[in-house]
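Remarks on the structure that follows.
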Number of protein chains: 2
Amino acid sequence: MAEDAPRRQPTLDEVAERAGVSRSVASRALNNAPHVSRAKREAVERAVRQLGYVPNPTARALATRQTGAAALVVSGEDPSIFADPFFAQVIVGASAALEEADLHLMLCLAASDRGRKRVEELLRSKGADGVMLMALREDDPLGRMAAEAQMPVVFGGRPVGPAPRWYVDVDNAGGAREATEHLVSRGRRRVAAICGRLDTEAGRARYRGYRDAMLGAGLDPLPPREGDFTEPSGAAAMAALLADHPDVDGVFAANDNMAAGALRTLREAGRRVPADVAVVGFDDLTVAQIADPPLTTVHQPIEAFGREMARMLVALVNGQDPTPLILPTRLVIRSSA
Amino acid sequence: MAEDAPRRQPTLDEVAERAGVSRSVASRALNNAPHVSRAKREAVERAVRQLGYVPNPTARALATRQTGAAALVVSGEDPSIFADPFFAQVIVGASAALEEADLHLMLCLAASDRGRKRVEELLRSKGADGVMLMALREDDPLGRMAAEAQMPVVFGGRPVGPAPRWYVDVDNAGGAREATEHLVSRGRRRVAAICGRLDTEAGRARYRGYRDAMLGAGLDPLPPREGDFTEPSGAAAMAALLADHPDVDGVFAANDNMAAGALRTLREAGRRVPADVAVVGFDDLTVAQIADPPLTTVHQPIEAFGREMARMLVALVNGQDPTPLILPTRLVIRSSA
DNA sequence: GCTTCCAATGGGAGCGCTCCCAGGTGCCCC
DNA sequence: GGGGCACCTGGGAGCGCTCCCATTGGAAGC
C-alpha cells in the first residue's frame with residue numbers, strides 16, 4: 001500500500017521504459033508531435049500518469065535554447081519608483097498575456113548597481129527569451145545594453161531620444177493636450193503644469209502636450225515645474241507654484257500622485273478646488289477616485305499597456321515583426337476640474 | 001578593425017581552448033573555486049574578456065540542479081487583487097533580498113485556473129529553487145500543492161488553519177487590538193469593524209483583534225462587516241453600517257483602502273471625521289497619507305515583510321532551518337482618529 | 001508482384017555546464 | 001634521498017531533454 005516516496009523525479013527515459021517505447025517516441029508523444037501511433041501515445045500517457053512524471057524545464061530549455069521566461073525590467077534610480085501602483089497594473093496585463101503564451105514572468109528591479117549588473121548579465125547570457133523595458137531615463141545604460149542584446153526587446157514607453165524598433169506607448173502628449181484644453185475650455189487662463197521627471201520621455205511629452213495646448217489657445221505656457229511623480233513632489237511643486245504665481249487658476253499635473261499632492265497643498269493653503277483652482281491629473285489610478293475632490297484625469301489603459309507589451313514580445317519571440325503601438329488616452333471628468 | 005559579429009555565444013570550451021587550459025580549470029576559475037594556479041586563472045580571465053564570454057545559466061542550472069530563481073506566487077480569485085500597492089512593496093523588499101543571494105524573481109499571479117495550473121507545474125517540476133506563497137484563501141488548493149512540493153516553501157502571511165512550517169507574518173491581531181483600543185481610549189463606545197475577507201487569515205485575525213479589544217474594554221463588539229480589501233467595498237460596508245447603526249462613533253477598517261472608502265461614505269453622509277466618527281485603517285500605504293483627513297492607521301513593515309520572506313527562503317535553499325517570523329505593527333496617529 | 005512512398009521508430013549526438021577522480025608535479029621533512 | 005602530501009590538472013561522465021537521421025514495415029500504385 002505505502003508507496004515508496006521516489007527520491008528523484010522520474011525522467012523521460014523512465015517513462016519511455018515503462019511505456020515500452022524509445023525516448024524519442026516518448027518525447028514526441030509528450031509534445032504531441034506527429035509520427036506517434038495511437039497505441040504508443042496512450043502507453044506514454046499512462047506511464048506519465050503512473051510515474052507522476054513532469055518534464056524538467058531546465059533540460060528542455062537547454063536543448064531547445066529557449067528559457068520559457070520573459071523578463072520585465074523596471075529601471076529607475078530608486079527602487080521605490082516601483083511602489084507606484086501603475087506598475088502593478090502593467091504586471092497584471094503582462095502576466096495575463098504571457099500566461100497565454102506559456103511564458104513565465106521574471107521581474108527585475110534595476111534600481112541598484114547590482115540590479116543593473118544582473119540585468120546586463122541576463123541580457124548577455126540570454127537568461128530569458130525576451131525582455132520588456134520600462135521607466136528608462138535619459139542616457140539610461142539599460143538602453144545601450146538592450147540594443148546590444150541578441151534578444152527581443154520591447155520598450156514600455158519610448159525612451160528619450162530616437163524611438164526604438166519595438167515599443168508600446170501611450171499618447172502622452174495628446175492626453176496632456178486634451179487635459180489642458182479642458183482646463184482652458186472651462187475658462188482657466190493661468191494654467192500651470194506640474195511635470196514629471198523631465199529625464200523621461202513621458203515627462204517631456206506630457207509637458208509638450210500642455211505647452212501645445214496653451215499656445216494653441218493663445219495663452220502663455222508657464223515653464224515646467226518638475227516633480228518626480230510622487231505625491232510629496234506634487235505638493236512641493238504646488239507650493240512653489242502658489243508662491244510664484246498666486247493667481248494660478250488651473251493646474252495640469254503629469255500624474256495622479258502629484259495631482260493628489262497639489263490638492264493637499266491647495267487645501268492647506270485654503271484654495272478651493274475647483275472653484276479657485278482647477279486640477280487635472282494623469283493615469284486614472286485608484287487615487288484619482290479617492291482624492292477629495294475626485295480627480296478629473298487622463299485615463300490611460302494601463303493593463304492593456306502591459307498586455308500589449310507582452311504580446312508584442314511574444315510575437316517577436318515567435319519570429320514575427322510586430323509594429324509599434326501607441327495606445328489612446330481619454331479624459332475622465334470628475335469634480336476637480 | 002571590424003570585428004566579426006559572432007553568431008553564437010562563446011562556450012566554456014572555447015574559453016578554455018583560448019586560455020590554453022582544460023574546461024575543468026576554466027570552470028573552476030570562473031566559479032573561483034580552489035585548485036587553480038594564479039597564471040591559469042588570469043589566462044582564463046583574459047580569455048573571458050576577449051571572447052566576451054558569459055556563462056549559460058540554463059546549462060549551469062541543469063548541471064547543478066539549481067534554477068537560480070525563486071518564485072513569488074500571489075493567489076486570489078481575481079488578478080486585480082494584485083493591484084493593491086501592498087504587493088508592490090512586498091516585491092521591492094523581496095527583490096532586494098533575492099538580489100543579495102543572486103536569485104532571480106519569478107512572479108506568478110495565480111488567479112486564473114490556467115495560472116494555478118502553471119504554478120502547480122512549477123512546483124512539481126522544480127522550476128524554481130523555492131517559492132513564496134501569498135494571499136492564500138481558505139482551502140486554497142495552492143496550500144496542498146505546496147505541501148506536496150519537494151521544494152522550499154515560505155508562506156507570506158499564515159494561511160487559514162494550522163500554521164505551516166515556515167512563514168513570515170505580521171501581528172495582525174495585535175495591530176487590530178491596538179487600533180481598537182486607541183478608538184476606545186478616545187472615548188468611542190459604538191465602534192464597528194469593517195473586515196477584510198474572512199476566508200483569509202489576515203481578515204480573521206484583524207477581526208479577532210478588534211473583538212478582543214472591545215471585550216477587554218467591556219464593550220459589545222459588532223458582528224463582522226465583511227469587505228474585500230478594496231475601496232468600494234469599504235464604502236459599501238460603511239453605508240450599510242450607517243443604516244444599521246446610525247449611532248456608530250468609531251470604525252476600525254481592516255485596511256487603508258477600505259478605510260478610504262469609509263471616509264468617502266461618511267463625507268457623503270455629512271458625518272465629520274473624526275468629530276462624529278473616528279476611523280482607523282491598517283497598512284499605512286500612501287493612501288493613508290493622501291486621504292482626507294489623513295488616516296490614523298496600523299503601520300506594518302511591508303518591505304521588511306517581503307525582505308524577510310525572501311531571506312527565509314534563501315536560508316531554506318541553503319539547507320538551513322530558519323524559524324518563522326512575526327513582524328510587529330505600530331499605530332500611526334494622524335487626524336482621522 | 002514489385003517498386004514507391006511515407007508514417008512510425010529508436011539510436012545517438014548534442015545543448016553547455018559541473019564535478020568526481022585519477023594522474024602528475026613540486027616541495028617539505030625525516 | 002625517498003616517501004608522503006599537498007596542490008594542480010584534464011579527462012570524462014553525467015544533468016534530462018530535443019531532434020536529426022537511418023531504418024523498418026506496411027499500404028498504395030502500376
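By convention in this document, chain letters (A, B, ...) are assigned in the order of the sequence lines, proteins followed by strands, and residues within each chain are numbered from 1.
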B/Arg65 side chain near D/dG14 phosphate (N/O to OP1/OP2, under 4.0 Å): no
Test: B/Arg158 and B/Asp169 ion pair at under 4.0 Å: yes
For B/Pro34, report the nucleic acid contact type (base, sugar-phosphate, nothing); a contact means any heavy atom under 4.0 Å. nothing
To the nearest Å, how far apart are B/His35 NE2 and C/dA22 P? 15 Å
Using only modelled atom types and a 3.5 angstrom limit, is any donor from either the side chain of A/Arg28 or the base of D/dT18 paired with an acceptor on the other? no
Which whole-number value in Å describes the distance from B/Arg38 CZ to C/dG26 C1'? 19 Å
Distance check: side-chain N/O of A/Lys40 vs OP1/OP2 of C/dA8, anything under 4.0 Å? no
Tell me which nucleotide among C/dT9, D/dT9, D/dC15 gets nearest to the side chain of B/Ala63. D/dC15
So, A/Glu100 and B/Arg114, do they make that salt bridge, N to O below 4.0 Å? no
So, is A/Ser24 near the phosphate of C/dG12, with a side-chain N or O under 4.0 Å from OP1 or OP2? no
Just the rounded figure in Å: distance from P of D/dC15 to CG of A/Leu12. 14 Å
Among D/dC17, C/dC17, D/dG10, the one nearest A/Pro55 by side-chain distance: D/dC17
Please report, rounded to the nearest Å, how far the P atom of D/dC17 is from the CD atom of A/Gln66. 17 Å
When all nucleic acid strands are considered with a 4.0 Å heavy-atom cut-off, which category describes B/Thr64: base, sugar-phosphate, or nothing? sugar-phosphate
Quick check for you: among C/dC17, D/dT18, C/dT9, whose closest atom lies nearest to any side-chain atom of A/Val25? C/dT9
salt_bridge(B/Glu308, B/Arg311) N-O dist < 4.0 Å: yes
What is the separation between atom CG on B/Leu30 and atom C1' on C/dT18, rounded to the nearest whole Å? 12 Å
Would you kindly give the CD-to-P distance between A/Glu14 and D/dC15, to the nearest whole Å? 10 Å
Taking for each residue the nucleotide of DNA chain D bearing the nearest heavy atom, is the 5' side occupied by B/Leu62 or by B/Ser37? B/Ser37
B/Ser125 side-chain N/O to B/Glu121 backbone N/O, donor-acceptor pair under 3.5 Å: yes
D/dT18 OP1/OP2 closer than 4.0 Å to side-chain N/O of A/Asn31: yes
Salt bridge check: are A/Arg8 and A/Glu14 linked by an N-O gap of less than 4.0 Å? yes
For the pair made of CZ in B/Arg23 and P in C/dC21, what is the distance, rounded to whole Å? 17 Å
Could you tell me whether the phosphate oxygens of C/dG16, OP1 or OP2, come under 4.0 Å of any side-chain nitrogen or oxygen in B/Thr11? no
Give a yes or no on whether a salt bridge exists between A/Arg38 and A/Glu42, defined as a side-chain N under 4.0 angstrom from a carboxylate O. yes
B/Asn56 CG to D/dC17 P: how many Å, rounded? 17 Å
Residue-phosphate contact under 4.0 Å: B/Ser27 side-chain N/O, C/dT18 OP1/OP2: yes
